[in-house]
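Chain A is the first sequence line, chain B the second, and so forth, proteins listed ahead of strands; every chain is numbered from 1. Please read these numbers as outputs of a predicted model, since none were measured by experiment.
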Amino acid sequence: MPVITLPDGSQRRFDQPVTVDEVAASIGSGLRKAALAGRVNGKLVDTSFRIEHDAEVAIVTDKDPDGLEVIRHSTAHLLAQAVKSLFPDAQVTIGPTIEDGFYYDFSYKRPFTTEDLAAIEAKMVELAKADQKVTRRVMPRDEAVEFFRNMGEHYKAEIIASIPPNEEISLYGQGDWVDLCRGPHVPSTGKLKVFKLMKVAGAYWRGDSRNEMLQRIYGTAWADKKQLEEYLHRIEEAEKRDHRRIGRELDLFHQQEEAPGAVFWHPYGWTVFQTLIAYMRERNREAGFQEVNAPELMDASLWQQSGHLEKFGENMFLTKTPDERLYAIKPMNCPGHVQIFKQGIRSYRDLPIRFGEFGKVHRYEPSGSLHGLMRVRAFTQDDAHIFITEEQIKDESVHNIRLLLSIYEDFGFRNVRVKFADRPPKRVGSDEVWTLAESALKAATEAAGIEYTLNPGEGAFYGPKLEFVLKDAIGRDWQCGTLQVDLNMPGRLGAHYIDETSQKRTPVMLHRAIFGSLERFFAILLEHHAGRLPAWLAPVQAVVMTITDRQNDYVTRVAESLKKQGLRVEADLRNEKVGFKIREHTLRRVPYLLVAGDKEVAANLLSVRTRSGKDLGTMSPDTFVERLRVELDSRGRRTLED
RNA sequence: GCCGGCUUAGCACAGCUGGUAGUGCGCCUGAUUUGUAAUCAGGGGGUCGGGGGUUCGAAUCCCUCAGCCGGCACCA
């Protein structure tokens, strides 16, 4: 005699066990139609699920995030059903939901084409229209293995065979198609109305590059057409922010095939890059760092000693000199910094010693992983290595965590998540040392007053690390900064200091990066701001333009004066209509557009307009400089518009 | 590295089943002296990613290499 408690607290009494579907029907026929699944005591179930005892029940519709999840999952099934119907000898594997959609991996004798994709999607529409009932049944594991093996679905059989032997397996069927699945699923295919196949791609079976490559079809599915359109629009907007595109449009940098994974910086791009470095140099200096510079090319033996050659040799650029000596181009800065630390005798009184370098490193990244500035083979790190005693781990970590967060704030990233990555399965050093490092880093994180999530087993092989993840303007996550406690490398490379009892001791080393890769951080900034860099970073901060050539002298003079005062300013004297100039510089994302016509010349003024089209009226060049300086000094927290 | 797609003027792209390359913007020249997102007219510009092959003839078909794009794998 189950008593059903609904989300609003109301209760319904039934004389016998009921299904979710029946509960929905008892509330209303509209709800019954809208029901995609149920939530019984918090657990997501099919609408056909039979409730035997008193329970809290919610009807899940497409308004519910879980409902959308169910739609996507069921659409993945629909995709598999369509593929099997068009290509009967294709084998199915897995088809999970992902952010905004789903995918399904197939094994097939040839790759699917975009034409296939269109045909599959048409088939899916047809199958959905047929509104086939989705049924669930359970089977003992071994029977299920046999069942799929007989169907010729060897991948599926392998998946089931890896499930513990005594578990029951649930199978879902729709029409003549059956798949293994945990569920739940929509009650019938007619509930699947808004979906679209996006792309085909290769993907390794079980995610292992030693395995065969499957055909993965990606799709998206939504509760209604409007959501789908919004999603497609979102993708378009993201494309407009693509740093490769903006980099070309704004003449910031380029890449070319003779230097894959490397960057040719153009004057405007390099201006921004240098601004980033100047900024970080200043912040580092304030935080007690000393800048150093280590060789780009060092004998391979050093990399042998550090362990890099063994672990990452495949990804290092090596070069043999005419005298038959093997050198490596540095893929990391830490061994170099340790060499600097090792010169002379260090006392515990000297610690912490903080070395920072804008070190250009080269890594032979796999060709398929290269991606604009986000993943390159030659890049610049704002790398720092801090040598401390064990007792200093906590304080020094707090010091650096504060620095990191404060720097991200200057760039407008206020949403920063921290992940704590602890000991990985493959590691060096004793467990006691790891415990020490982890608890010190954890204590530091807590002392810094920040929350973190655990990223278990993802620490570096030499120590635990904090990972700093920024959220950008359109909600994407970017992992940038890192703070790692290293109790291994200094010893390996023979670094020592003398402690208060005159004993030789091995220092602890913190690895710290804030931008990470400057190239990548630059790209993130471009995408975050859609190319509209804040004035303090913009390659050109203002353009002074004439209306006719009568203002040429004045504009030239003003532009020169602004430049002399340290601003990045250009003059536009071209014989063009002012509307044309405004449009052009707006498209170049120049923060401030300064127009001088006869009236301004007569009164020693500038007409000031922002790139977003806002008219700030007229002001003297001096006032403009003064107000812009406030904006630059506050790094955009206060602008000319305020 | 693996799977698939793509590569035509500075940029964005067109070029059907093979018949000697086109549009828009930019660029250059001239006219215009212009008040806040495109003034008008004229002109130049491509060994169609590299190499090889098929063919009377290749941007177009085939092979191969490279780069890029989308994924996968990798990421000290």
Side-chain angles (χ1 to χ4, degrees), chain A residues 98 103 105 108 110-114 116-117 198-218 239 242 244-245 248-249 251 254-261 303 306-316 330-335 361 363-372 374-377 379 381 383 460-462 465 479 482 484 486 489 511 513 516-517 520 545-552 573-588 593-600 607-616 618:
Chain A
I98 49 174
Y103 67 76
D105 286 349
Y108 192 50
R110 64 165 178 85
F112 292 122
T113 64
T114 38
D116 293 336
L117 221 58
M198 303 300 287
K199 57 198 170 197
V200 240
Y204 296 110
W205 166 236
R206 302 208 140 171
D208 190 329
S209 60
R210 288 167 302 192
N211 291 342
E212 75 157 292
M213 184 145 282
L214 306 170
Q215 303 295 319
R216 175 171 297 179
I217 297 177
Y218 283 93
E239 274 166 19
D242 191 310
R244 294 165 296 195
R245 172 180 174 151
R248 189 173 49 242
E249 285 169 358
D251 193 17
H254 86 270
Q255 297 177 285
Q256 67 185 47
E257 63 178 290
E258 288 83 354
W303 301 102
S306 71
H308 287 100
L309 202 57
E310 193 197 343
K311 205 164 159 52
F312 295 106
E314 297 271 285
N315 301 303
M316 287 169 66
K330 67 174 173 184
M332 289 195 72
N333 299 300
C334 29
V361 296
R363 299 177 181 178
Y364 186 75
E365 303 285 5
S367 59
S369 68
L370 301 179
H371 179 91
M374 297 292 187
R375 187 84 181 266
V376 286
R377 286 180 175 159
F379 61 101
Q381 289 181 318
D383 210 358
F461 69 90
Y462 46 74
K465 62 179 175 184
Q479 187 177 316
T482 177
Q484 310 172 1
D486 182 357
M489 198 71 73
H511 302 239
S517 147
R520 181 163 171 274
M545 61 198 90
T546 55
I547 289 174
T548 73
D549 53 18
R550 286 192 300 277
Q551 299 92 39
N552 282 5
L573 308 182
R574 290 176 305 169
N575 176 14
E576 296 288 354
K577 290 193 162 184
V578 71
F580 179 88
K581 296 185 187 181
I582 292 282
R583 176 183 157 82
E584 219 171 56
H585 298 120
T586 300
L587 292 175
R588 287 173 69 203
L593 312 177
L594 314 175
V595 179
D598 288 338
K599 280 181 275 179
E600 285 79 8
S607 166
V608 181
R609 176 191 156 114
T610 69
R611 61 186 158 194
S612 56
K614 196 165 176 194
D615 183 0
L616 301 184
T618 56

Peer 1: Could you tell me how far apart Lys581(A) (NZ) and U39(B) (P) are, to the nearest whole angstrom?
Peer 2: 12 Å
Peer 1: Are the side chain of Glu584(A) and the backbone of Lys581(A) linked by a donor-acceptor contact shorter than 3.5 Å?
Peer 2: no
Peer 1: Identify, with sequence neighbours excluded, every residue that meets ring pair (Phe, Tyr, Trp, His ring centres under 6.0 Å) alongside His585(A).
Peer 2: none
Peer 1: Between the base of G71(B) and the side chain of Gln215(A), is one N or O donor paired with an acceptor at under 3.5 angstrom?
Peer 2: no
Peer 1: Check every atom of G35(B), G1(B), A76(B) against the side chain of Tyr364(A) and return the nucleotide holding the closest atom.
Peer 2: G1(B)
Peer 1: Can you see if the side chain of Arg110(A) gets near the phosphate of G4(B) - specifically, an N or O under 4.0 Å from OP1 or OP2?
Peer 2: no
Peer 1: Tell me what Gln479(A) touches on the nucleic acid: a base, only sugar-phosphate, or nothing, going by heavy atoms under 4.0 Å.
Peer 2: nothing
Peer 1: Verify the contact: side-chain N or O of His371(A) to OP1 or OP2 of G70(B), cut-off strictly under 4.0 Å; return yes or no.
Peer 2: yes
Peer 1: Under a plain distance cut-off of 3.5 Å, with no hydrogens placed, do Glu365(A) and Asn315(A) share a side-chain donor-acceptor pair?
Peer 2: no
Peer 1: Base, sugar-phosphate or nothing for Tyr218(A)? Non-hydrogen atoms, less than 4.0 Å.
Peer 2: sugar-phosphate
Peer 1: So does Arg375(A) reach the base of C75(B) with its side chain, donor to acceptor, closer than 3.5 Å?
Peer 2: yes
Peer 1: Does Glu576(A) reach a base, just sugar-phosphate, or nothing at all? Heavy atoms under 4.0 Å.
Peer 2: base
Peer 1: Does Phe580(A) stack onto the base of A38(B), taking stacking as ring centres under 5.5 Å apart and planes under 30° apart?
Peer 2: no
Peer 1: Checking all strands, does Arg216(A) fall into the base, sugar-phosphate, or nothing category for heavy-atom contacts under 4.0 angstrom?
Peer 2: sugar-phosphate
Peer 1: Check the orientation of Tyr462(A) and His511(A). Use parallel for under 30°, tilted for 30 to 60°, and perpendicular for over 60°.
Peer 2: parallel
Peer 1: Are any of Arg244(A)'s side-chain N or O atoms less than 4.0 Å away from OP1 or OP2 of G70(B)?
Peer 2: yes
Peer 1: Tell me whether the OP1 or OP2 atom of C72(B) has a side-chain N or O from Ser209(A) closer than 4.0 Å.
Peer 2: no
Peer 1: Please check the phosphate of G1(B) (OP1 and OP2 only) for any side-chain N or O of Tyr204(A) closer than 4.0 Å.
Peer 2: no
Peer 1: Given C3(B), G67(B), A37(B), which nucleotide is nearest the side-chain atoms of Met213(A)?
Peer 2: C3(B)
Peer 1: Please confirm whether the backbone N or O of Gly372(A) pairs with a side-chain atom of Gln255(A), one donor and one acceptor, at under 3.5 Å?
Peer 2: yes
Peer 1: Strictly below 4.0 Å: does Arg206(A) bring a side-chain N or O up to OP1 or OP2 of A73(B)?
Peer 2: no
